[in-house]
Amino acid sequence: MRRPFFAVLGGMGTLATESYVRLLDARTDAHADQEYLDYVVFNDAGVPDRTAFILKRSDEDPVPAILDDIDKATAIGASFLVLACNTEHYFFDRFQERTSVPILHMPRLAVREMSQRFPAHSHPRVGFMGTEGSRAAGVYRREVEAAGYVFVEPDDALQHRVDSLIYDDVKGGRPLDPQRYRAVIEAFLAEPYECDVVLLGCTELSVFNERFPMPELPLVDAQSVLVDETVRRAKALLAD
């Protein structure tokens with residue numbers, strides 16, 4: 001009898017996909033081939049840019065390609081789906097309406113984790129690092145504010161620095177510079193933002209966090225949280 005498996009949907013950058021899979025395999029705590037999880041990855045590199053579409057800089061709609069991936073994952077019997085691109089959660093309701101298979105909601109999982117590690121009463125101000133598309137679409141704002149936090153967006157100058165980490169460094173293939181990455185985080189923690197915690201809401205930023213972990217800083221990495229929930233759910237399926 002075939003073991004239950006899950007599917008990782010396409011749309012995030014290829015390097016971010018690799019980062020997710022590396023973390024997934026590492027946290028599975030497997031000691032033999034058969035102890036790893038069963039999953040299918042749709043590394044759909046052709047999905048049009050989500051931010052460009054949301055900001056109306058492009059008329060190439062990414063939704064049809066992702067819906068096609070959802071249809072395929074549903075047809076082959078995936079037990080649950082992982083939407084590992086933060087910006088794509090702008091379209092989450094349309095995706096979930098397409099299938100009866102549950103889709104993990106990364107922003108909600110990240111905010112739940114943040115509430116446990118950095119409660120709103122002691123860490124009220126949350127700085128958001130993500131794409132312009134996620135910032136404009138309010139992908140995280142709704143979840144963060146509903147949990148009782150103050151949502152702090154970067155101004156255009158700081159957003160440009162965040163975008164450069166995402167598009168020039170990770171997507172563009174430039175060598176990753178931990179000092180550049182840390183300087184942006186520290187800008188959120190300093191005046192005028194004075195954030196109590198910084199939320200990494202882009203899987204390209206999660207690539208930085210995997211390569212250069214900074215546990216001394218108050219960070220919540222949405223992709224890392226998603227990996228933990230993926231492992232938990234997959235192992236629960238195997239235990240049933």
Side-chain angles (χ1 to χ4, degrees), residues 11-20 23 47-58 62 84-90 106-107 110-111 113-114 117-118 123-145 149-226:
M12 62 175 167
T14 296
L15 291 181
T17 303
E18 291 177 0
S19 175
Y20 171 86
L23 289 174
V47 174
D49 188 275
R50 284 68 63 201
T51 290
F53 182 76
I54 291 169
L55 296 178
K56 297 181 169 39
R57 295 171 183 168
S58 169
C85 172
N86 289 274
T87 307
E88 283 176 5
H89 283 75
Y90 176 67
M106 180 159 46
V111 172
E113 172 76 8
M114 183 171 66
R117 292 177 52 205
F118 305 104
H123 296 74
R125 295 177 60 80
V126 177
F128 175 68
M129 288 177 63
T131 65
E132 283 186 90
S134 289
R135 182 182 69 161
V139 170
Y140 273 88
R141 174 183 285 277
R142 289 185 294 274
E143 306 299 330
V144 168
E145 291 182 342
Y149 294 91
V150 176
F151 186 79
V152 181
E153 293 182 351
D155 64 12
D156 288 343
L158 185 53
Q159 181 65 50
H160 179 73
R161 293 171 65 187
V162 174
D163 288 342
S164 184
L165 293 173
I166 296 168
Y167 291 99
D168 297 330
D169 295 6
V170 180
K171 289 183 182 291
R174 193 161 67 183
L176 303 187
D177 183 343
Q179 297 308 315
R180 246 166 64 83
Y181 167 58
R182 187 183 187 103
V184 174
I185 295 171
E186 290 179 340
F188 279 92
L189 299 174
E191 293 183 351
Y193 298 101
E194 298 182 313
C195 294
D196 301 293
V197 58
V198 176
L199 180 55
L200 301 182
C202 176
T203 49
E204 273 70 33
L205 298 174
S206 299
V207 173
F208 270 100
N209 195 49
E210 181 198 8
R211 185 81 61 86
F212 310 114
M214 299 178 183
E216 71 279 11
L217 297 181
L219 290 177
V220 174
D221 178 358
Q223 177 176 268
S224 179
V225 175
L226 181 67

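Bear in mind the structure is a predicted one, so any value in this text is a computation, not a measurement.
If you run salt bridge (Lys or Arg N to Asp or Glu O under 4.0 Å) between Asp169 and each of Arg174, Arg161, Arg211, only Arg174 comes through.
Residues meeting the side-chain hydrogen bond (donor to acceptor under 3.5 Å, both in side chains) test with Arg182, sequence neighbours left out: Glu186, Glu216. Qualifying ring-ring contact (aromatic ring centres under 6.0 Å, His included) partners for Phe151, counting only residues two or more places apart in sequence or in other chains: Phe128. Scored by the side-chain hydrogen bond (donor to acceptor under 3.5 Å, both in side chains) test, Glu113 finds no partners at all (sequence neighbours excluded). Qualifying side-chain hydrogen bond (donor to acceptor under 3.5 Å, both in side chains) partners for Arg57, counting only residues two or more places apart in sequence or in other chains: Glu132. Residues that satisfy the side-chain hydrogen bond (donor to acceptor under 3.5 Å, both in side chains) test with Asp163, not counting sequence neighbours, are Gln159.
Once rounded to the nearest 0.5 Å, the distance linking CG of Asp221 with CG of Leu199 reads 9.0 Å. Cys85 contributes atom SG, which lies 4.5 Å from atom CZ of Arg50 (distance to the nearest 0.5 angstrom). For the atom pair Thr131 OG1 and Leu55 CG, the distance stands at 7.5 Å (nearest 0.5 Å).
Counting non-hydrogen atoms of neighbouring residues, nucleotides and ligands closer than 6.0 angstrom, the CZ atom of Phe118 exceeds 12 such neighbours.
In this structure the side chain of Ile185 reaches within 4.5 angstrom of the side chain of Leu219, judged on heavy atoms. For the pair Leu189 and Leu217, the minimum side-chain heavy-atom distance is below 4.5 Å.
Nearest heavy-atom pair across Phe208 and Val170 is CE1-CG2, 3.6 Å. For the pair Met214 and Pro178, the tightest heavy-atom approach, listed with the atom from each and the gap, is CE-O, 3.7 Å.
Within the structure, the side chain to side chain donor-acceptor pair (under 3.5 Å) test picks out the following pairs touching residues 190-199 (sequence neighbours left out): Asp155-Tyr193.
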Q. Between Arg180 and Ser164, is a side-chain contact (heavy atoms from CB on, under 4.5 Å) present by the stated rule, with each step listed?
A. CA-CA 10 Å; Arg180 246 166 64 83; Ser164 184; 3.1 Å; yes

Q: Applying side chain to side chain donor-acceptor pair (under 3.5 Å), run through Ser19 and Ser206 and close with a yes or a no.
A: CA-CA 8 Å; Ser19 175; Ser206 299; over 6 Å; no

